[in-house]
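The block underneath contains the structure these notes are about, expressed in structure tokens.
Just so you know, these numbers come straight off a predicted model, no measurement behind them. By convention in this document, chain letters (A, B, ...) are assigned in the order of the sequence lines, proteins followed by strands, and residues within each chain are numbered from 1.
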Amino acid sequence: MTTVGPGAQLEALRRGAVEVISEEELLAKLARGRPLRIKLGLDPTAPDLHIGNAIVLQKLRQFQDLGHEAVLVIGDFTGLIGDPSGKAETRPALSPEEVERNARTYRDQYSLILDPARTRVVFNSEWLGKMKFYDVIKLASRTTVHRILERDDFARRYADRLPIHLHELLYPLCQAYDSVAISADVELGGTDQKFNNLMGRELQREMGQEPQVVLLTPLLPGLDGVQKMSKSLGNAIGITDPPNEMYGKVMSLPDGLMIPYFESCTLVPLGEIREIARGLVAGGVHPRDAKKRLAREITARYHGEAASRKAEAEFERVFAARERPEEIPDVELPRDRLKGGAIRLVRLLVELGLADSNSEARRLISQGGVSLDGARAAQDTDIGVRDGLLVQVGRRRFARVRLTE
RNA sequence: GGGGAGGUACCCAAGCGGCCAACGGGAGCUGACUGUAGAUCAGCUGGCGGAACGCCUUCGGAGGUUCGAAUCCUUCCCUCCCCA
């Protein structure tokens, strides 16, 4: 156990937290001096972490470093009935092999941030899957429809007369029961999890356990600046994204997101961030430079200083100076696709995977988006292909043709 | 159980017998410009096609009426509202 006193622990833990319910309770738990069990519920469909997920994981890591125990609850059972975002569908149950395989994936992914030695991974099908219908009814009797409908998501859909399936109402209860099942002392989550996590508190109290403390971390807006970061919305920066991509994605952020990103995704001291913010407002700091710093910081955090510098140089070359990237992927093209050493440009683009269909390839050409060896292609004609031909689509998609037999 | 309103392309949403591959917005793509993949402006955004107002496949599913349907009819599936 750590030597850090409860007061200091609390101080450290609440930094970056949007809300702690409640600090007094957390302090009391910490003061007992035994390791606490920290719960984090995870969606089984997103084993691919992005830097938004990372925020709450960093918080969990912090708990671990203070000597506490992390329990990742994979919602494989709740995942079966779809999560109540409105559009989710029910999914077929995972086989034991799939569960095992996923468990490994989770461990691999999460150990990028967490301390594997202090992390336990459990699946909620373990207990939810064993419940009899009678148990479900008893569980459901612990709350009321009105209570559940308070959840803003349900409330909104109810008001808008959008469908709400009965089983969706059970969803928060299932998650709440997870807390009971593992006797959580603290549950972490994004602010969107507030309702569910509070439900956990209530259910624990109802079932004779000491209520968990709920600690909420901010939700990171995605690249679009509107919706929260999510892989399925395609607005995410994955923590395993290659350096160049990571750097570039950060550079494409709306300017207004720079400060929130600095705060949530970097280790830059708060004072310094405030200075940058002031500079941006006053005009002393160029937004481009602030964003470059941000891109550098984030890339360095996941790939190291060297890779970050390199990504920056590459970015400048390709986008600022409009030069070719340092590394251009080779794409194989079987020689038999050529006729007399030539091929229709449209077909070439499709063959190389630079266009999804012939129509799209034609569009790209007519819009002036295609270059061969640096020269813009004006129209779709037969072009002679030699090994090493450089094909470019748009500003950032390059391919080097490798002829194969 | 009774009555009413709906299901349109990645999302939202027009269309309600031919001019519809289907208005508009969002998202995406390309170009210009630039501070970057940001902002702004412009064009494009089903597929096939050696440049077409040519052909093929789309408007919940399956049939039908018609020279011709996303638009009309039948039936099935799904959602919402009101009443019971």
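- The partner of B:rC59 cannot be assigned: no Watson-Crick or G-U wobble pair with both contacts below 3.5 Å exists in any strand.
- The side-chain contact (heavy atoms from CB on, under 4.5 Å) test applied to A:D255 returns A:M258, A:P287, A:K291, not counting sequence neighbours.
- Evaluation of the side-chain contact (heavy atoms from CB on, under 4.5 Å) rule for A:R347 yields A:R337, A:I343, A:R344, A:E351 as partners, not counting sequence neighbours.
- Atom CG of A:D255 is separated from atom P of B:rU40 by 11 Å (rounded to the nearest Å).
- A straight line from CG of A:L348 to P of B:rG50 spans 16 Å, rounded to a whole angstrom.
- The stretch residues 281-293 of chain A comes close to RNA chain B through A:H286, A:P287, A:R288, A:K291, each having a heavy atom under 4.0 Å from the strand.
- The pairing partner recorded for B:rC44 is B:rG28, the criterion being a Watson-Crick or G-U wobble arrangement whose two distances lie under 3.5 angstrom.
- Here the P atom of nucleotide B:rC11 and the CG atom of A:N235 are 17 Å apart, to the nearest Å.
- Between A:R396 and the phosphate of B:rC29, there is a side-chain N or O to OP1/OP2 separation shorter than 4.0 Å.
- The separation of B:rC80 from B:rC10, taken at their C1' atoms, amounts to 24 Å, rounded to a whole angstrom.
- Within the structure, salt bridge (charged side-chain N to carboxylate O under 4.0 Å, His left out) pairs that include any residue of residues 368-379 of chain A comprise A:D373-A:R386 (at least two apart or interchain).
- Residue contacts shown for A:R322 include a base, since a base heavy atom lies under 4.0 Å away.
- Taking atom P on both B:rC16 and B:rA70, the two are 14 Å apart, rounded to the nearest angstrom.
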(request) Do nucleotides 20-27 of chain B as a string where each nucleotide becomes B, S or -: B if the base has a protein heavy atom under 4.0 Å, S if just the sugar-phosphate does, - if no protein is that close. (result) --------
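- A 4.5 Å side-chain heavy-atom check between A:V71 and A:I38 finds every atom pair outside the cut-off.
- Applying the side-chain contact (heavy atoms from CB on, under 4.5 Å) rule to A:N244 yields the partners A:A311, A:E314; only residues at least two apart in sequence or on another chain are considered.
- A gap of 11 Å separates the C1' atoms of B:rU71 and B:rU8, to the nearest Å.
- Of all nucleotides present, none satisfies the Watson-Crick or G-U wobble test against B:rU65 with each distance under 3.5 Å.
- Pairing of B:rA39, defined by two Watson-Crick or G-U wobble distances under 3.5 Å, is not identified with any nucleotide.
- A distance of about 16 Å separates the C1' atoms of B:rU58 and B:rG7, rounded to the whole Å.
- Evaluation of the ring pair (Phe, Tyr, Trp, His ring centres under 6.0 Å) rule for A:Y247 yields A:F315 as partners, not counting sequence neighbours.
- Among the atoms of the strands shown, only primed sugar atoms or phosphate atoms (P, OP1, OP2) are found under 4.0 Å from some heavy atom of A:G394.
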Give each protein N/O atom lying under 3.5 Å from an N/O atom of nucleotides 44-48 of chain B, with the pair distance.
{"residue": "B:rC44", "atom": "O4'", "partner": "A:Q367", "partner atom": "OE1", "Å": "3.2"}
{"residue": "B:rG47", "atom": "OP1", "partner": "A:S357", "partner atom": "OG", "Å": "2.9"}
{"residue": "B:rG47", "atom": "OP2", "partner": "A:R363", "partner atom": "NH2", "Å": "2.6"}
{"residue": "B:rC48", "atom": "OP1", "partner": "A:N358", "partner atom": "N", "Å": "3.1"}
{"residue": "B:rC48", "atom": "OP2", "partner": "A:N358", "partner atom": "N", "Å": "3.4"}
{"residue": "B:rC48", "atom": "OP2", "partner": "A:S359", "partner atom": "N", "Å": "2.8"}
{"residue": "B:rC48", "atom": "OP2", "partner": "A:S359", "partner atom": "OG", "Å": "2.7"}

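- A:L257 places its CG atom 11 Å from the C1' atom of B:rG38, with the value rounded to the nearest Å.
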(message) Pair A:E312, A:R296 - check salt bridge (Lys or Arg N to Asp or Glu O under 4.0 Å), show working.
(response) CA-CA 7 Å; A:E312 177 157 87; A:R296 236 174 16 239; 3.1 Å; yes
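- Pair assignment for B:rC80 gives B:rG4, based on Watson-Crick or G-U wobble hydrogen-bonding distances that are each under 3.5 Å.
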Report all interatomic pairs (protein N or O, nucleotide N or O of nucleotides 76-82 of chain B) with separations under 3.5 Å.
none

(request) Go through A:E305 and A:R309 one step at a time and tell me if the salt bridge (Lys or Arg N to Asp or Glu O under 4.0 Å) criterion holds. (result) CA-CA 6 Å; A:E305 197 60 39; A:R309 294 279 169 192; 3.6 Å; yes
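- When the C1' atom is compared between B:rU45 and B:rC23, the two are found 15 Å apart, to the nearest whole Å.
- Spacing between atom CD of A:Q379 and atom P of B:rG49 amounts to 17 Å, rounded to whole angstrom units.
- Side-chain contact check for A:K194 versus A:T191: every heavy-atom pair is 4.5 Å or farther apart.
- Annotation: ring pair (Phe, Tyr, Trp, His ring centres under 6.0 Å) contacts involving residues 198-231 of chain A, sequence neighbours excluded, are absent.
- As rounded to the nearest Å, B:rC81 and B:rA22 have C1' atoms that lie 29 Å from one another.
- For A:R317 and B:rA37, the CZ to P distance is 16 Å, given to the nearest whole Å.
- B:rG17: no Watson-Crick or G-U partner with both key distances under 3.5 Å is found in any strand.
- In this structure A:A181 satisfies the side-chain contact (heavy atoms from CB on, under 4.5 Å) test together with A:W127, A:Y177, sequence neighbours excluded.
- Dense packing is recorded around NZ of A:K292, with more than 12 heavy atoms of other residues, nucleotides or ligands lying under 6.0 Å away.
- The separation between A:R376 atom CZ and B:rU30 atom P is 12 Å, rounded to whole Å.
- Residues A:L215 and A:N197 are not in side-chain contact: their nearest non-hydrogen atoms beyond the backbone lie 4.5 Å or more apart.
- With sequence neighbours left out, A:H165 forms a ring pair (Phe, Tyr, Trp, His ring centres under 6.0 Å) with A:H167.
- Separating the CG atom of A:L345 from the P atom of B:rA51 is a distance of 15 Å, rounded to the nearest angstrom.
- Taking CG of A:L13 as the start and NZ of A:K59 as the end, the distance is 5.5 Å to the nearest 0.5 Å.
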